[in-house]
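In this text the structure is predicted, and so the values were computed from the model without any measurement.
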Amino acid sequence: MQQKKDAPMRSDAQRNRERILEVALEELTRSADAPLSSIAKKACVGQGTFYRHFPNRESLVLEVYRYEVQQVADTAAQLLETRTPDQALREWMDRLAQYAMAKAGLADAMRRATSEQNALAGLGHGPVTSAVTLLLQANEEAGTIRPGVTPDDFVLAIAGLWQLDPHGDWQSRAGRLLDLVMDGLRAGAPGT
């Protein structure tokens with residue numbers, strides 16, 4: 001009997017997946033080139049189990065990224081409760097940059113994964129997109145950004161974050177980049 005695609009994952013399969021993600025985060029933070037076989041071994045799962053969950057490096061890196069930025073993504077709604085939509089969006093971008101740079105190896109892995117053709121499409125789902133959608137909708141409704149900006153547009157606009165050297169002067173460079181993105185989002189806004 002075939003399992004339905006939307007059926008919940010068995011508890012042992014879920015534990016294996018979470019163990020793989022925890023080990024992958026640690027290993028990819030240490031080295032963007034961490035061998036997948038080493039991650040599987042340290043997670044105490046076989047190669048078959050590993051590849052059932054993550055068929056390639058890109059899928060693993062993108063999922064580790066999603067898994068880790070859930071905390072940052074969750075701050076979007078909190079920021080909107082206490083700040084104007086445009087302030088919430090800009091502060092959220094700063095938090096995303098700080099988090100990405102704190103995980104230097106993960107940032108390197110993300111940069112490599114997103115340099116592949118169509119890899120950014122893998123970011124089209126999950127907590128980051130939900131947070132971006134929430135922030136963009138609030139700003140569009142408030143008239144603080146130009147209408148029609150999609151989450152995909154936004155992700156492409158901030159993709160330069162993953163080009164920054166986390167060991168260099170990334171704070172000032174990220175600040176300038178994100179200010180430019182905000183300026184571009186505000187251009188043509190009905191409220192300006």
By side chain to side chain contact (heavy atoms under 4.5 Å, CB included) - contacts of Glu63 (at least two apart):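 With sequence neighbours excluded, Glu63 shows a side chain to side chain contact (heavy atoms under 4.5 Å, CB included) to Arg17, Leu21, Phe54, Arg66, given in chain and number order.
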Under the side chain to side chain contact (heavy atoms under 4.5 Å, CB included) test, residues paired with Gln78 that sit two or more places apart: Thr75
Gap between atom [atom2] of [Y] and atom [atom1] of [X] - 0.5 Å precision:
| X | Y | atom1 | atom2 | result |
| --- | --- | --- | --- | --- |
| Arg15 | Glu22 | CZ | CD | 12.5 Å |
| Leu185 | Phe154 | CG | CZ | 6.5 Å |
| Asp153 | Thr150 | CG | OG1 | 3.0 Å |
| Thr84 | Gln87 | OG1 | CD | 3.0 Å |
| Arg19 | Thr49 | CZ | OG1 | 9.5 Å |
| Phe50 | Cys44 | CZ | SG | 13.5 Å |

Expected output: side-chain [X] to main-chain [Y] donor-acceptor under 3.5 Å:
| X | Y | result |
| --- | --- | --- |
| Trp170 | Leu161 | no |
| Ser31 | Leu28 | no |
| Arg146 | Gly188 | no |

Pairs where residues 36-51 contributes a residue and the test salt bridge (charged side-chain N to carboxylate O under 4.0 Å, His left out) is met, not counting sequence neighbours: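 Those involving residues 36-51 are Glu27-Lys42.
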Pairs meeting criterion salt bridge (charged side-chain N to carboxylate O under 4.0 Å, His left out) with involvement of residues 72-81, two or more places apart: none
Can I get a per-line list of side-chain donor-acceptor pairs under 3.5 Å for residues 173-181, giving both atom names and the distance, sequence neighbours left out?
from	atom 1	to	atom 2	distance (Å)
Asp179	OD1	Arg90	NE	2.9
Asp179	OD1	Arg90	NH2	2.8

Tell me which donor-acceptor pairs under 3.5 Å the side chains of residues 131-141 have, and how far apart each pair is, sequence neighbours excluded?
from	atom 1	to	atom 2	distance (Å)
Thr133	OG1	Thr129	O	2.7
Asn139	OD1	Asp86	N	2.9
Asn139	OD1	Thr144	OG1	2.5
Asn139	ND2	Pro85	O	2.9
Asn139	ND2	Leu135	O	2.8
Glu140	OE1	Gly148	N	3.3

Of Ile20, Leu25, Val23, the residue whose pairing with Val64 passes side-chain contact (heavy atoms from CB on, under 4.5 Å): Leu25
